[in-house]
Colleague: 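Dropping the structure in here first, questions after.
When a residue number appears, it is its place in the shown sequence, counting from 1. FYI, side chains are in, hydrogens and waters are out, and symmetry mates aren't considered; it's all heavy atoms of this structure. Counting starts at 1 for both ligands and their atoms, in listed order.
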Amino acid sequence: MLAVYAQSFSADDPISGLVLGERPDPQVPDGWSTVRVKAASLNHHDLWSLRGVGLKADQLPMILGCDAAGIDEDGNEVVVHAIVGDPAWRGDESLDPKRTLLSEKHDGTFADLVAVPRRNLIPKPAALSFAEAACLPTAWLTAYRMLFSRGRVKPGETVLVQGAGGGVATALITLARAAGVKVFVTGRDEAKRQRALDIGAHEVFEPGARLPQRVDAVMETVGRATWDHSVKSLRPGGRVVISGTTSGPQPDDAQLTRIFFLQLQVIGSTMGTADELRGLLTMLESTGARPLIDREMPMEQATDAFTAMATGDVFGKIVLTR
Ligand SMILES: NC(=O)c1ccc[n+]([C@@H]2O[C@H](COP(=O)([O-])OP(=O)(O)OC[C@H]3O[C@@H](n4cnc5c(N)ncnc54)[C@H](OP(=O)(O)O)[C@@H]3O)[C@@H](O)[C@H]2O)c1
């Protein structure tokens, strides 16, 4: 089958290790099923994998991709939940110490076929296209959990989203707006700030700008470049929810004094459960909110898609189609 896979790692030139080529059809363990992939979306995770983060050289070649929507062996339209956990684990899958994401231990979704545990198959609502559904299992699910499960954001509160154009950032903006939250957004680029307004931001700012009011919660995926601003933007007792460190994990000043003195909460968040994915699907169906797709490209153009993500030339999700 045709697949997009990591052949080698490079911290400085991650795309040099990317290959589009033939791979054997997947082996299907008991309790697993195959999905014929119709659409699969890119995540920053795929670039981390090509840099060697979360993968070892002896696991190569590894088919990349966490997210997919497609057709299962029984002909059902499905969305694939990306967390593969220990079959013995009960409860919140994102807390399973043995969990992995597709493409970390098992081959990922950038292929004609992907094998997944049957419990990872979630019915795709007819109202969502395959491309829209393929945006959800990583970036959108992460945003949903950050806002509603971990951040406990309520209608009427004010939230700052750091970063405008990323997959998680656009999901945060859209979902927060749909939930009746006042949304502030920072973005490095004027055009992206304007587009953030178009998809639901109430006000947009340059990175580090003073806000008109302190916020109830900040949604962080950028890390070092924005951490100082995130902590300083919170009202006393506010919370910062962090799920990523795109610009690096070590802030110049962690702002520890401000964190204890203003009784701020720092809340980690990673991925989301299959139940949260069902909740996200229901929310999209009932509100009419939809994932913002930057571009759809055939899987054969994967190198262009990865280049766009690596250079930050993206607003929303990039989807590879079959
Ligand atoms: N923990 C989890 O489960 C989980 C799940 C999904 C993603 N993540 C992490 O979350 C991060 C975002 O993922 P993604 O897929 O949304 O990536 P992406 O589509 O590449 O988006 C990158 C985002 O980071 C912002 N950004 C990058 N460098 C910046 C800088 N120096 N200063 C300010 N903003 C900067 C961009 O904002 P602009 O609008 O300014 O360009 C954009 O919003 C990644 O680190 C990823 O690994 C974690």
Side-chain angles (χ1 to χ4, degrees), residues 14 41-51 53-54 64-67 81-83 92-96 99-104 134-147 149-150 160-175 185-197 199 201 204-209 218-230 241-252 267-273 276-277 280 291-295 305-319:
S41 76
L42 254 69
N43 290 287
H44 216 91
H45 184 279
D46 303 306
L47 277 177
W48 292 125
S49 298
L50 287 165
R51 291 190 175 106
V53 177
L64 298 172
C66 305
D67 294 348
H81 184 225
I83 296 180
D92 184 330
E93 304 95 295
S94 68
L95 297 176
D96 174 359
R99 76 181 191 279
T100 63
L101 278 190
L102 286 172
S103 79
E104 289 179 346
C135 298
L136 304 179
T138 297
W140 277 68
L141 181 59
T142 298
Y144 180 91
R145 182 175 173 92
M146 288 174 77
L147 283 167
S149 308
R150 303 291 290 150
L160 170 64
V161 177
Q162 296 283 21
V168 179
T170 52
L172 287 164
I173 296 165
T174 308
L175 291 173
V185 176
T186 65
R188 294 171 293 174
D189 176 85
E190 170 60 29
K192 287 187 186 176
R193 290 195 292 273
Q194 182 56 48
R195 294 198 65 189
L197 289 169
I199 64 166
V204 290
F205 305 90
E206 292 182 13
V218 179
M219 300 296 132
E220 249 298 350
T221 61
V222 179
R224 179 180 180 162
T226 51
W227 183 254
D228 189 72
H229 184 243
S230 292
V241 184
I242 176 163
S243 77
T245 55
T246 304
S247 63
Q250 291 175 319
D252 293 332
I267 302 170
S269 192
T270 282
M271 294 297 290
T273 65
E276 286 168 331
L277 182 52
L280 169 60
L292 183 74
I293 296 175
D294 177 281
R295 67 197 90 172
F306 272 79
T307 303
M309 171 155 276
T311 56
D313 174 25
V314 58
F315 193 91
K317 294 288 289 174
I318 300 174
V319 178

Colleague: Taking NZ, NE, NH1 and NH2 as the nitrogens, is one of them in Arg224 or Asp252 under 4.0 Å from a carboxylate oxygen of the other?
Modeller: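 Judged by the 4.0 Å cut-off on N to carboxylate O distance, Arg224 and Asp252 do form a salt bridge.
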Colleague: Before accepting this row, confirm whether a basic side-chain N of the pair Arg145/Asp92 lies closer than 4.0 Å to the acidic partner's carboxylate O.
Modeller: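 Salt bridge: yes.
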Colleague: For atom 30 (C) of ligand 1, tell me which residue out of Arg188, Glu206, Met146 has the closest non-hydrogen atom.
Modeller: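 Looking at heavy atoms only, Arg188 sits closest to atom 30 (C) of ligand 1.
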Colleague: Counting only heavy atoms closer than 4.0 Å, does ligand 1 sit against the backbone of Lys192, its side chain, both, or neither?
Modeller: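 Under 4.0 Å from ligand 1, Lys192 contributes side-chain atoms alone.
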Colleague: Side chain, backbone, both or neither: which part of Thr142 has a heavy atom under 4.0 Å from ligand 1?
Modeller: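 Near ligand 1, Thr142 shows its side chain, while the N, CA, C and O stay back.
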Colleague: Checking contacts here: is it the side chain or the backbone of Ala164 that comes within 4.0 Å of ligand 1, counting heavy atoms only? Could be both or neither.
Modeller: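 Both parts.
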Colleague: When you compare ligand 1 with Val168, is there at least one nitrogen or oxygen pair between them that comes in under 3.5 angstrom?
Modeller: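 There is such a contact, yes.
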Colleague: Report yes if Ser243 has an N/O atom closer than 3.5 Å to an N/O atom of ligand 1; otherwise report no.
Modeller: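 Yes: some nitrogen or oxygen of Ser243 is under 3.5 Å from one in ligand 1.
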Colleague: Would you mind telling me if ligand 1 is within reach of the side chain of Ser269, the backbone, both or neither, using heavy atoms under 4.0 Å?
Modeller: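 Just the backbone.
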Colleague: Relative to ligand 1, is Trp48 under 4.0 angstrom through side chain, backbone, both or neither, heavy atoms considered?
Modeller: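 It is the side chain that touches ligand 1; the backbone stays farther off.
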Colleague: Using heavy atoms and a 4.0 Å limit, tell me yes or no: is Asp189 in contact with ligand 1?
Modeller: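 Checking ligand 1 against Asp189, which is what was asked, there is no heavy-atom contact under 4.0 Å.
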Colleague: Backbone, side chain, both or neither: what part of Thr270 comes under 4.0 angstrom of ligand 1, heavy atoms only?
Modeller: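 Both parts.
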Colleague: May I ask whether Gly223 places a heavy atom under 4.0 Å from ligand 1?
Modeller: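 So Gly223 does not count as touching ligand 1.
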